[in-house]
A.B. asks: 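Let me begin by handing over the structure; questions about it come next.
First listed ligand is number 1; within each ligand, the first listed atom is number 1.
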Amino acid sequence: MSYKNFETQAVRIAESASDQREHSSPIYLSSSFVFDSAEQARQMFADEIPGNIYSRYANPNTSDLIAKVCAAEGTEAGLTTASGMAAMFGSMASLLSQGDHILASRSLFGSTHQLLTRVFPKWGISHTYGDIKDIDRWEELIQPTTKMIFIETPSNPGLEIIDLEYIAALANAHNLLLVVDNCFATPYLQQPAKWGAHLVSHSATKFIDGQGRVLGGLILGQKKYVDEVQFFMRHTGPSLSPFNAWVLAKSMETLAVRMDRHCSNALKIAEYFQESRDIEFVKYPFLPSHPQYHLAKKQMKQGGGIITLTLKGGLERAKRFIDQLQMITVTANLGDSRSIVTHPASTTHSKLTEEERERVGILNGLVRLSVGLEHVDDIIADIERALEKSR
Ligand SMILES: *Cc1c(COP(=O)(O)O)cnc(C)c1O
């Protein structure tokens, strides 16, 4: 059975119930699955018939999660990984060989940046960064050995937006694979495959889980590419635990309602910051003051749950502000039901040099706010008090 709307698909698509007729999916904590006969085992190993073999390959809970996220992203196939970084690494390592080159947006998650600058060079895979403001000059950065374009939109933490339609056309014109880290938007707000991305990767740890409980990752896309990634992942082993897959599949059922609230809260808070005399600059994709507001409106359903801001008074003020918050938590995660504040320059992006950070707009005074599901008035009250006390 297929359903027309995102919300219904997310709730109703599920692996069929077992002979116990349960309504909610059970957790299949089983490393392996039993064969009826030696011949059936042979056929399953040979991919002649479908069926679970071993949980490093597939498990009913990971299949359930994949079915839900594929429907949400509008993709043909997918696989799960132990964390978001396993998804980022796997989507690149499985499809690239020694001598290949990646064109990537400079604004990337800290660990993805480490992969490109510290890990892949060991295997002879190089990269070039493109700046988002010069996106019309990315074509000049393509080399004869370029195989892949890897981007994040909106980027963490800079909230830079890349035109998915434009970049997919560029990739196709040069026969390159386009991989998009869709972690910040979630499939509810943005579906890169619909604009032409060949693979979409996720940290499911963030908004997909939505309650700060488990790590997980996903890679979705056309079957021919997912199959290649799957081969690499099966044999290198960064598989998702059935328990985590179960948590994440349950989370998918509430993604739409949660994101609606994350986004409406975030927009109200961004508007509040815009009026505040304590703020030098506030960035939120659906604020008209965002440099790529029209692009965000074109490819995102809403602005997402993350806001960045620079306080008047720079780094010292930012630290005082963070220390004065009473409700909002200081922690390294994002996309939680609880609002979170982070100082990227000294935490998630501390491994970058100051120059690298400046080039992607991670100034020392920048604060990232992941807006949670508390009542918006209580979030604003906490911020207001901390702003006052940090003056
Ligand atoms: C957190 C994050 C990752 C890494 O995900 P983990 O689940 O922590 O491994 C990758 N990309 C982005 C944009 C992220 O925010």
A.B. asks: Just by distance, with hydrogens left out, do Thr146 and His101 show a side-chain donor and acceptor under 3.5 Å apart?
C.D. replies: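 Side-chain D/A pair, Thr146 to His101: present.
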A.B. asks: Number the atoms of ligand 1 from 1 as they appear, then name those within less than 4.0 Å of a heavy atom of Ser83, with their elements.
C.D. replies: 7 (O), 9 (O)
A.B. asks: With nothing but distance in play, are any N or O atoms of Gly84 less than 3.5 Å from an N or O of ligand 1?
C.D. replies: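 Such a contact does occur with ligand 1.
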A.B. asks: Can Ser24 and Lys250 be counted as having a side-chain donor-acceptor contact under 3.5 angstrom?
C.D. replies: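 Ser24 vs Lys250: donor-acceptor pair found between side chains.
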A.B. asks: Under a 4.0 angstrom heavy-atom cut-off, which atoms of ligand 1 come close to Ser203?
C.D. replies: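 Those of ligand 1 that fall under 4.0 Å from Ser203 are 1 (C), 2 (C), 3 (C), 4 (C), 5 (O), 6 (P), 7 (O).
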A.B. asks: Less than 6.0 angstrom from the centroid, inside 45 degrees of the normal: does Lys206 satisfy that with respect to the ring of Phe109?
C.D. replies: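 Cation-pi check for Lys206 and Phe109: passes.
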A.B. asks: Going by the closest heavy atom to atom 1 (C) of ligand 1, which one wins out of Glu152, Lys206, Met85?
C.D. replies: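 Result: the heavy atom closest to atom 1 (C) of ligand 1 is in Lys206.
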A.B. asks: Heavy-atom contacts with Thr205 under 4.0 Å: which atoms of ligand 1 show up? List them by number with element.
C.D. replies: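 Counting from 1, the qualifying ligand atoms are 6 (P), 7 (O).
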A.B. asks: Judged by modelled atom types alone, do His198 and Asn172 share a side-chain donor-acceptor pair under 3.5 Å?
C.D. replies: yes
A.B. asks: Would you check whether Thr112 has a nitrogen or oxygen atom less than 3.5 angstrom from a nitrogen or oxygen atom of ligand 1?
C.D. replies: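 Thr112 vs ligand 1: no N/O contact under 3.5 Å.
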A.B. asks: Give a yes or no answer on whether the side chain of Thr153 reaches the backbone of Ile162 with a donor-acceptor pair at less than 3.5 Å.
C.D. replies: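 Confirmed, Thr153 side chain pairs with Ile162 backbone.
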A.B. asks: What protein heavy atom sits nearest atom 4 (C) of ligand 1, and how far away is it?
C.D. replies: Phe109 CE2, 3.4 Å
A.B. asks: His113 vs Tyr129 aromatic rings, parallel, tilted or perpendicular, using cut-offs 30° and 60°?
C.D. replies: parallel
A.B. asks: May I ask you to identify the nearest protein heavy atom to atom 13 (C) of ligand 1, giving residue, atom name and distance to one decimal place in Å?
C.D. replies: Asp181 OD2, 3.3 Å
